[in-house]
Amino acid sequence: IDNWFIKEEKINSMSISGRVTIACNFFHMLAVFRETDLLQETVGSIEELKVINKEGITRWLAKALIKMPLSLTNRELFIYGYGVFLKKENMVMIPIYSPNEEELSKYYQEKPNQDLVRIDMKFGYYLVRYLDEDHCEFFSCFNIDPKISYIPWFILNNCIKEFGYY
């Protein structure tokens with residue numbers, strides 16, 4: 001698994017990227033994206049992940065509650081995503097981003113939880129490429145403003161590696 005990140009000082013965000021070849025059928029890999037409820041059971045840093053709104057089978061709005069290490073306040077993240085099949089490249093692309101307040105208010109009316117810090121995903125994507133009947137290639141990239149002014153690199157490295165891996 002290749003995993004890397006870049007801290008973007010000028011725009012106060014970080015990009016987390018990953019790439020891996022998986023011994024898995026392409027359609028089984030895509031099915032994982034429909035099982036969001038299982039992700040919170042397997043990834044320790046995700047306290048809750050739920051789909052708030054579905055627009056057909058390829059568009060959705062989800063909310064995630066993320067546990068932070070040490071004394072950092074836990075985070076809340078809203079992401080809007082949609083799936084696109086790219087026939088020429090034999091891949092599915094799932095772009096994601098955090099909706100602005102106006103977009104979010106169409107589907108989510110609850111007041112912000114004062115115990116959480118809402119982070120923003122500037123952009124992100126998943127790419128799943130068909131290689132053969134038993135293998136696919138998976139890419140991920142997220143550009144996130146974590147709403148942290150300073151965090152030691154050893155803590156940041158640990159969090160990002162775990163997040164990127166899962």
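For clarity, every value in this text was computed on a predicted model and none was experimentally measured.
A 4.5 Å side-chain heavy-atom check between N113 and L65 finds every atom pair outside the cut-off. Side chains of L61 and L104 form a contact here, defined as non-hydrogen atoms less than 4.5 Å apart. Residues W60 and I96 have side chains in contact (heavy-atom distance under 4.5 Å, counting atoms from C-beta outward).
Under the 4.5 Å side-chain contact rule for hydrophobic residues, L116 and I66 do not share a cluster. Placement of V20 and F142 within a single hydrophobic cluster is found when ILVMFWY residues are connected by side-chain heavy-atom separations under 4.5 Å, directly or transitively.
Distance CD1/I79 to OG/S98: 7.5 Å, rounded to 0.5 Å. In this structure, CG in L131 is found 6.0 Å from OG1 in T21, a value given to the nearest 0.5 Å. Here the straight-line distance linking atom CD1 of I94 with atom OH of Y126 works out to 8.0 Å at 0.5 Å rounding. L30 contributes atom CG, which lies 10.5 Å from atom CZ of F138 (distance to the nearest 0.5 angstrom). Within the model, atoms CG of L77 and CG of L49 stand 9.0 Å from one another, a figure rounded to the nearest 0.5 Å. Between the CD1 atom of I119 and the NZ atom of K147 there is a distance of 9.0 Å, given to the nearest 0.5 Å.
The heavy-atom pair separating F26 from V128 by the smallest distance is CE1-O, 3.3 Å. Here the shortest heavy-atom pairing between S15 and N143 reads OG-ND2, 2.8 Å. The minimum heavy-atom distance linking D134 with D132 is given by the pair N-OD1, 2.8 Å. Shown here for C141 and F123, the closest heavy-atom pair between the two residues is SG-CE1, 4.1 Å.
A donor-acceptor pair under 3.5 Å links the side-chain atoms of R75 to the main chain of T73, judged by distance alone.
The environment of E102 atom CD is sparse: at most 12 non-hydrogen atoms of other residues, nucleotides or ligands sit within 6.0 angstrom. At most 12 non-hydrogen atoms from other residues, nucleotides or ligands lie less than 6.0 angstrom from CZ of F27.
With F78 as the partner, the side chain to side chain contact (heavy atoms under 4.5 Å, CB included) test is satisfied by one option alone out of E103, M121, K63, E101: K63.
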Verify side chain to side chain contact (heavy atoms under 4.5 Å, CB included) between Y80 and E55, making sure each step is shown before the conclusion.
CA-CA 11 Å; Y80 182 73; E55 298 174 21; 3.3 Å; yes
Would you please test E89 and R129 for side chain to side chain contact (heavy atoms under 4.5 Å, CB included) and show each step?
CA-CA 8 Å; E89 288 81 15; R129 180 186 317 201; over 6 Å; no
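For the pair D120 and R118, the salt-bridge criterion is not met [side-chain N within less than 4.0 Å of a carboxylate O].
In this structure, Y125 has its ring center no closer than 6.0 Å to that of Y97.
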